[in-house]
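Data block below; observations after.
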Amino acid sequence: KLANRHGLVAGATGTGKTVSLQVLAEGLSRQGVAVFAADIKGDLSGIAAPGQGKDVFVKRAAEVGIDYRAEAFPVVFWDVFGEQGHPIRATVTEMGPLLLARLLELNDTQEGVLNIAFRVADENNLPILDLKDLRALLDFVVEQPEVQTKYGNVSKASIGAIQRSLLTLENQGADKFLGEPALELTDFIRTDAQGRGVVNILAADKLMSSPRLYASFLVWMLSELFETLPEVGDPEKPKLVFFFDEAHLLFNDAPKALLDAVQQVVRLIRSKGVGVYFVTQNPLDVPETVLGQLGNKIQHALRAFTPRDQKAVRAAAETFRQNPSFDTSKAILELAVGEALVSMLENGGVPSVVERTMMAPPMARVGPLTPDERRQIMAASPLGHKYDQTIDRESAYEMLAGRKGLPTDTAEGAQDSGGLGGLLGQIGSVLGGGSTTGKGRQRMSVTEQVIRAAAQSFARSASTQIAREAGKILRNTLGGVKR
């Protein structure tokens, strides 16, 4: 019942955090609670297959007083890039200007311009679904004199900086995340025919190469759940439990507004029937305002080689209700792999005295699935027909192209050639070639980017030369200019 009071799983690399996460996920699934977990290394996918009954697991089960019984759990795989699971998408509007500004690493001025763009979209009923919509909207905003009058100066330099950040973001694969069909988060909250909660696993190994995208995605999910789910008070058990691995990425360089939002969501989302568990190496990775909301704690071993490490050990020890039978700080340094200090909330919400314990073994496989096993599970998923195909309906991009009197296919053609269009677009397509996305758009290759830069330089030089020649002709025609 107290699983929705949130928690923390911490410990140094190789001490058993991922296995502890798997044990918790298995236990929650058995109780009919859906789970979402980010799979950083691919190891967690094995929860979809029964365990192999290794001697070490059978022995550990006997030591903690349980029977080892190999068991597989219902799993749905997700992937922001749509490669190792069903695609997860959100619209630009759902992300909102605050998260998007952090994702784009904008300064305060540029963030202000982005907020203006979102307000203009609201006032003009322009849906912002994907990156091409946002690009078109930014071009529209800078061309409108009334926007400057109403909201203040919107400089072309700020718009240009945002557009360049959007290009960088697209090159990192965010164009696959921002679009439709948008994820309905209630699809995470499902059970199988036996009443076990579905374990939703996000393939995050590739996503981790874009840490800001990973962190922004997780914060977006939390805020969307908070806004979408109804109040349920204090339920007998949570509807959904989130495990956020590499939790420090949520808070690194985060602006105060974003930290305040995360703190508020973590504090209030419990009444929506959602539990949040942060998984990280160091308890100091989590801000104190958030750490104070985490009632259930599993602390694996820490190594104290530096002053910061020693501070982390002391901080971890101080978060527990002390057990007079041992020194908590000393125990944290002595824990073996598969051992942990554990404190859970008791009836009435009071933390239990910390205990040193051995973790129970997982009943599912420890280690990744094979690619064939993953494909079979994805093919059998009931959600594939809903999310696997991209949708590109009329939105801000098409609406603004219509206002300018441009045919939509002409505008699409300009986008496909990296915004060059015409002859230069044809040159780029012949010499460079771009990788076509699922929406019929192209991401510029390195060759195309070089061609574009050269073409723009050529165009500037050509226009200057033409102007000079035109001046000579005009002077000759008029009989020259006398000084």
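Note that the structure is predicted; figures quoted are calculated from it, not measured. For reference, positions follow the sequence shown, starting with 1. Note that these values count all heavy atoms, side chains included, but never hydrogens, waters or copies made by symmetry.
For the pair T228 (side chain) and E224 (backbone), a donor-acceptor distance under 3.5 Å is present. Here the side chain of K239 pairs no donor or acceptor atom with the backbone of G273 at under 3.5 angstrom. Side-chain N or O atoms of E26 include one that pairs as donor or acceptor with a backbone N or O of M363 at under 3.5 Å. Between the side chain of D139 and the backbone N or O of A136 there is no donor-acceptor pair closer than 3.5 Å. Between the side chain of Q52 and the backbone N or O of R365, no donor-acceptor pair lies under 3.5 Å. Put simply, the side chain of Q148 never gets that close to the backbone of P145: no donor and acceptor are under 3.5 Å apart. Using a distance-only test at 3.5 Å, with no hydrogens or angles considered, a donor-acceptor pair links the side chain of K272 to the main chain of F226. Remark: the backbone N or O of W220 is paired with a side-chain donor or acceptor of S223 at under 3.5 angstrom. The backbone N or O of E373 lies less than 3.5 Å from no partner atom in the side chain of Q376, so there is not a single donor-acceptor pair. Counting only distance, with no hydrogens or angles, the side chain of S45 and the backbone of P368 share no donor-acceptor pair below 3.5 Å.
The environment of K311 atom NZ is sparse: at most 12 non-hydrogen atoms of other residues, nucleotides or ligands sit within 6.0 angstrom. When the shell of 6.0 Å around CG of D108 is examined, it contains 12 or fewer heavy atoms from other residues, nucleotides or ligands. Within a 6.0 Å sphere centred on CD of E288, other residues, nucleotides and ligands contribute 12 heavy atoms or fewer. A 6.0 Å sphere centred on CD of Q389 holds no more than 12 heavy atoms belonging to other residues, nucleotides or ligands.
Closest heavy-atom contact between A25 and I47: CB-CD1, 4.0 Å. Taking all atoms of both residues into account, the shortest heavy-atom contact from V75 to A48 is CG2-CB, 3.7 Å. D245 approaches Y214 most closely through the heavy-atom pair O-OH, 2.6 Å. Listed here is the closest heavy atom pair of P97 and L114: O-CD2, 3.8 Å. Of all non-hydrogen atoms in F73 and S29, the two that sit nearest each other are CD2-OG, 3.6 Å. Of all the heavy atoms in L284 and A312, the pair that sits closest is CD1-CA, 3.8 Å.
To the nearest 0.5 Å, atom CD of residue E394 and atom CE of residue M399 are 4.5 Å apart. Distance check: L225 CG to M221 CE gives 7.5 Å after rounding to the nearest 0.5 Å. From L8, atom CG reaches atom NZ of K17 across 10.5 Å, with rounding to the nearest 0.5 Å. Interatomic distance, CD of E83 versus CE of M378, reported as 10.0 Å (0.5 Å rounding). Between atom OG of residue S158 and atom CD of residue E111 there is a gap of 12.0 Å, rounded to the nearest 0.5 Å. For the atom pair CG (D79) and NE2 (H86), the distance works out to 11.0 Å, reported to the nearest 0.5 Å.
Checking E180 against T91 by side-chain atom types alone, no donor-acceptor pair falls below 3.5 Å. Using modelled atom types and a 3.5 Å distance limit, the side chains of Q84 and D39 yield no donor-acceptor pair. There is a side-chain donor-acceptor pair under 3.5 Å between Y277 and N296. Side-chain contact annotation: D43 with T18, donor-acceptor N/O pair under 3.5 Å absent. Side-chain contact of R267 with T289: a donor-acceptor pair under 3.5 Å is absent, judged by distance alone.
Using a 4.5 Å cut-off on side-chain heavy atoms (C-beta onward), V274 and F188 make no contact. L369 places a side-chain heavy atom less than 4.5 Å from the side chain of I377. No side-chain heavy atom of D130 sits under 4.5 Å from any side-chain heavy atom of D175. Residues V313 and Q310 are not in side-chain contact: their nearest non-hydrogen atoms beyond the backbone lie 4.5 Å or more apart. T319 places none of its side-chain heavy atoms less than 4.5 Å from the side chain of L294. A 4.5 Å side-chain heavy-atom check between L302 and P283 finds at least one atom pair inside the cut-off. You'll find the side chain of V276 stays beyond 4.5 Å of the side chain of Q293, heavy atoms only. For the pair L213/L207, a side-chain contact is recorded, criterion being any heavy-atom separation below 4.5 Å from C-beta on.
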Given D133 and V92, is the side-chain contact (heavy atoms from CB on, under 4.5 Å) satisfied, shown in steps? CA-CA 9 Å; D133 291 328; V92 174; over 6 Å; no
Working for side-chain contact (heavy atoms from CB on, under 4.5 Å), residues M95 and S216: CA-CA 8 Å; M95 284 290 288; S216 300; 4.1 Å; yes
Steps toward side-chain contact (heavy atoms from CB on, under 4.5 Å) verdict (F177, L103): CA-CA 12 Å; F177 169 54; L103 192 55; 5.7 Å; no
Residues L138, R135; criterion side-chain contact (heavy atoms from CB on, under 4.5 Å); working and verdict: CA-CA 5 Å; L138 291 169; R135 286 199 189 94; 5.7 Å; no
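None of L44, I298, V35 except one satisfies the side-chain contact (heavy atoms from CB on, under 4.5 Å) rule with L21; the exception is L44. Partner L240 forms a side-chain contact (heavy atoms from CB on, under 4.5 Å) with one of I189, V33, T186 and no other, that one being I189.
Salt bridge present: K132 and D392 bring a charged side-chain N and a carboxylate O closer than 4.0 Å. Classification of E246 and K41 as a salt-bridged pair fails, no side-chain N sitting under 4.0 Å from a carboxylate O. A salt bridge is absent between D122 and R119; no separation between the charged side-chain nitrogens and carboxylate oxygens falls under 4.0 Å.
In this structure, F36 has its ring center at least 6.0 angstrom away from the ring center of W78.
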